[in-house]
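So the structure is just underneath, and the comments pick up after that.
Proteins get letters first, then strands, A, B, ... in listed order; numbering begins at 1 in each.
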Number of protein chains: 4
Amino acid sequence: MPKVGMEPIRKAALVKATILEIGRTGSLDVTVSQIAKRAGMSSALAHHYFGSKEQIFLAAMRHILSLYGAEVRGALAMAEGPRARLTAILRASFTAVNFRREVIGAWLNFYVLAQTVPEAKRLLRVYQARLHTNLVYDLRKLVGARAEEVARGTAAMIDGVYIREALKQQAMPDGTAAAAMALQYLTLELDKTE
Amino acid sequence: MPKVGMEPIRKAALVKATILEIGRTGSLDVTVSQIAKRAGMSSALAHHYFGSKEQIFLAAMRHILSLYGAEVRGALAMAEGPRARLTAILRASFTAVNFRREVIGAWLNFYVLAQTVPEAKRLLRVYQARLHTNLVYDLRKLVGARAEEVARGTAAMIDGVYIREALKQQAMPDGTAAAAMALQYLTLELDKTE
Amino acid sequence: MPKVGMEPIRKAALVKATILEIGRTGSLDVTVSQIAKRAGMSSALAHHYFGSKEQIFLAAMRHILSLYGAEVRGALAMAEGPRARLTAILRASFTAVNFRREVIGAWLNFYVLAQTVPEAKRLLRVYQARLHTNLVYDLRKLVGARAEEVARGTAAMIDGVYIREALKQQAMPDGTAAAAMALQYLTLELDKTE
Amino acid sequence: MPKVGMEPIRKAALVKATILEIGRTGSLDVTVSQIAKRAGMSSALAHHYFGSKEQIFLAAMRHILSLYGAEVRGALAMAEGPRARLTAILRASFTAVNFRREVIGAWLNFYVLAQTVPEAKRLLRVYQARLHTNLVYDLRKLVGARAEEVARGTAAMIDGVYIREALKQQAMPDGTAAAAMALQYLTLELDKTE
DNA sequence: AATGAATGAGGATTCATTCAT
DNA sequence: GATGAATGAATCCTCATTCAT
């Protein structure tokens, strides 16, 4: 039996290792060798699969963004009514899957990567656009014309909570508390207009 | 008598150049040579005055943080009453001096630097602590026990607005709009309790 | 299957090149690039295998010391009786393998290296201790209580002859004459007590 | 009053500082700045007086060699008879002035310098030649034809004792013991022929 | 006389990337 | 598929030396 189907396994291992390494060091100054080592292979193989370091980073970004997207979709599927849906989106943003030490560190660095690498910027904008659309969709029903504005505020709050968590560097981020902070803002906006 | 007194001039030029370069490239991957060149001197001289690249970065951070501090102090000096003071703090956060393209890019990267360099983390924490104290001081009078919570929310909002601006990369950041977004949150909190 | 097993070959080539370069220039101010070039590879590869310049130097030292050790052991294996053994040790010290231009130059510089690099000092002390032990072992039988003293004198004489040879810088060191000088001292000591 | 006559003072201070620094670090990798700082002046001034680092080193060498020469001359002046004179020369070699920590370290490094800098080699050869002449002069009367040979052996012994002391790096070198070791060899040679 | 200012040249080290096997 | 081998390019940093004052 030929060793087929290794590609997705290897790639997944590299993506995971990349996030861990970026999260661990808190910086993009991670070498391909470090990543490959943690993924249990040679750096040459990493290049073989991804072509370049930049592509490895982008794959890691896509992974995190898709994890996030999945979490949000899952949460939305169970929520009934605009308010519940909005709450679900926010909660999903601070789930244990997303609001982990490494992921938070990676997140911050992806913002930096986006300053340099166009594709990274594009990815981040896609994420922002989706979040915005999702928020506006339900906000429209609750705050009408102010939906856009409130959506922007909410998104800013989410990012702000993330970035501040990155600085705390405590062992275990408290997703619940973080979600509460973001929810607090949203609630104020909603209750004001209701 | 030797040519004398260049040190502060050179250092200031380097700090300025550092912020410009970090802002321009949107990353800490800036070489000392680039910085020195932009500051109109050799990289050797940059090292002579600062000792290391890290120290150059830290000096740039200190500069930005002190600019920010000055702006806040200046605004506070003219404000009467807690509400006006809180508004002043927020407005100061998005003044033309602080909310410039380069500075925003630098800000983001300083958060990254703080993940690696202890002194950078310390500086950022000092900034956060000061902001927190300032906010709580006036919030106490307006929202009482919830002061701490609201202060944290406000700070998160400020950081969130900054980080999102970094991604826009438009020619001229709109400080007024940014301030408005942060103020909106604060207003909601204040009006709720009043 | 990758090209494999180059490490020992490369390392050996680098060690040899290091000794040659130090011997040629008569100083430790040799660049890794020079060494690597002479060894037929890039300086990056030299670092890859040794990690640092210091490690390259230490490897070269170990090589020379082990050559010396082997020479002494070989000579001792064929010698019968304490006097013959002592003579063998001295002769081995000035064998063609050891008493070469480059090796003499390297030797001197290793003494300098030992002033700065602890591991180098340790290596040199190990060499001295072994020589001392070897000498004392046989001297004890011939001069009894004075063995320690005579051993120290002999060792000093060996080092002295080496250092003076370094200054001559003639094309071909005369190992026989050098050995004779050291033997002369030893003979005097032995004959005096006999 | 103009500040005249500073030159010899400055030069002397630099020479002293050079020996101290070389002795302290045990290597020639001493910067002009370090030397100048220890001598209480700027590195620019050091260059002003000596022209180059190499010249500073050479001046330091000359100083040490002349100290040594003076010590020997002084000792010879008081000695009566060939045997006493020879003893005096050896004793002078390990006087407190010469056999100091820094001076020993400097000595070793001057041998290294001599490998690179022709003038340094010349100086060292002059020293060796003088010592040789001095020794032979008196040895001739005591051992006749063997004078040359014994002189070379004695000189080697002196250098050997120095180099080994450099490795000990103990706080206070024991000049008396060192002298005794060299004298022991000489005595053997003399007593053998007498 | 004296020094702060300034730099060019160089050197150790790192790393993404390529290649032969 | 997989990796050890190999390197060019880059970067930080140091330092002897020069210069203007």
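Residues forming a salt bridge (charged side-chain N to carboxylate O under 4.0 Å, His left out) with R62(C) (at least two apart in sequence, or on another chain): E119(C). Under the ring pair (Phe, Tyr, Trp, His ring centres under 6.0 Å) criterion, Y68(D) pairs with Y127(D), not counting sequence neighbours. Listed by chain and residue number, K11(B) satisfy the salt bridge (charged side-chain N to carboxylate O under 4.0 Å, His left out) test with E7(B) (two or more places apart in sequence, or in another chain). Scored by the salt bridge (charged side-chain N to carboxylate O under 4.0 Å, His left out) test, R10(C) finds no partners at all (sequence neighbours excluded). H47(C) pairs by the side-chain contact (heavy atoms from CB on, under 4.5 Å) definition with V32(C), not counting sequence neighbours. Take E102(D) and apply the side-chain hydrogen bond (donor to acceptor under 3.5 Å, both in side chains) test, not counting sequence neighbours, and it matches R100(D).
Under the side chain to side chain contact (heavy atoms under 4.5 Å, CB included) rule, V30(C) has a single partner from T18(C), L20(C), T25(C), which is T25(C).
A heavy atom lying under 4.0 Å from DNA chain E marks none of the residues of residues 113-122 of chain B. Heavy-atom distances under 4.0 Å link DNA chain F to no residue of residues 15-26 of chain A.
A salt bridge (charged side-chain N to carboxylate O under 4.0 Å, His left out) check over residues 17-46 of chain D, counting only residues at least two apart or in different chains, returns the pairs E21(D)-R24(D), E21(D)-R38(D). Note on residues 40-61 of chain C: no pairs pass salt bridge (charged side-chain N to carboxylate O under 4.0 Å, His left out), not counting sequence neighbours.
Using a 4.5 Å cut-off on side-chain heavy atoms (C-beta onward), V117(D) and F57(D) make no contact. A heavy-atom distance below 4.5 Å is found between the side chains of I163(C) and Y111(D).
Between K11(D) atom NZ and dA1(E) atom P the separation is 11 Å, expressed in whole Å. In this entry the distance linking CZ of F50(A) with P of dT18(E) reads 16 Å, nearest Å. Atom NZ in K37(D) sits about 14 Å away from atom P in dT14(F), given to the nearest Å.
Other residues, nucleotides and ligands place more than 12 heavy atoms under 6.0 Å from the NZ atom of K121(A).
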Taking Watson-Crick and G-U wobble contacts under 3.5 angstrom, with | marking pairs to another strand and [ ] crossing pairs, the secondary structure of DNA chain F is written .||||||||||||||||||||
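Closest non-hydrogen pair, M61(C) versus L123(C), comes out as CE-CB, 3.9 Å.
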Just by protein heavy atoms under 4.0 Å, how would nucleotides 5-12 of chain E read 5' to 3' in B, S and -?
SBBB--SS
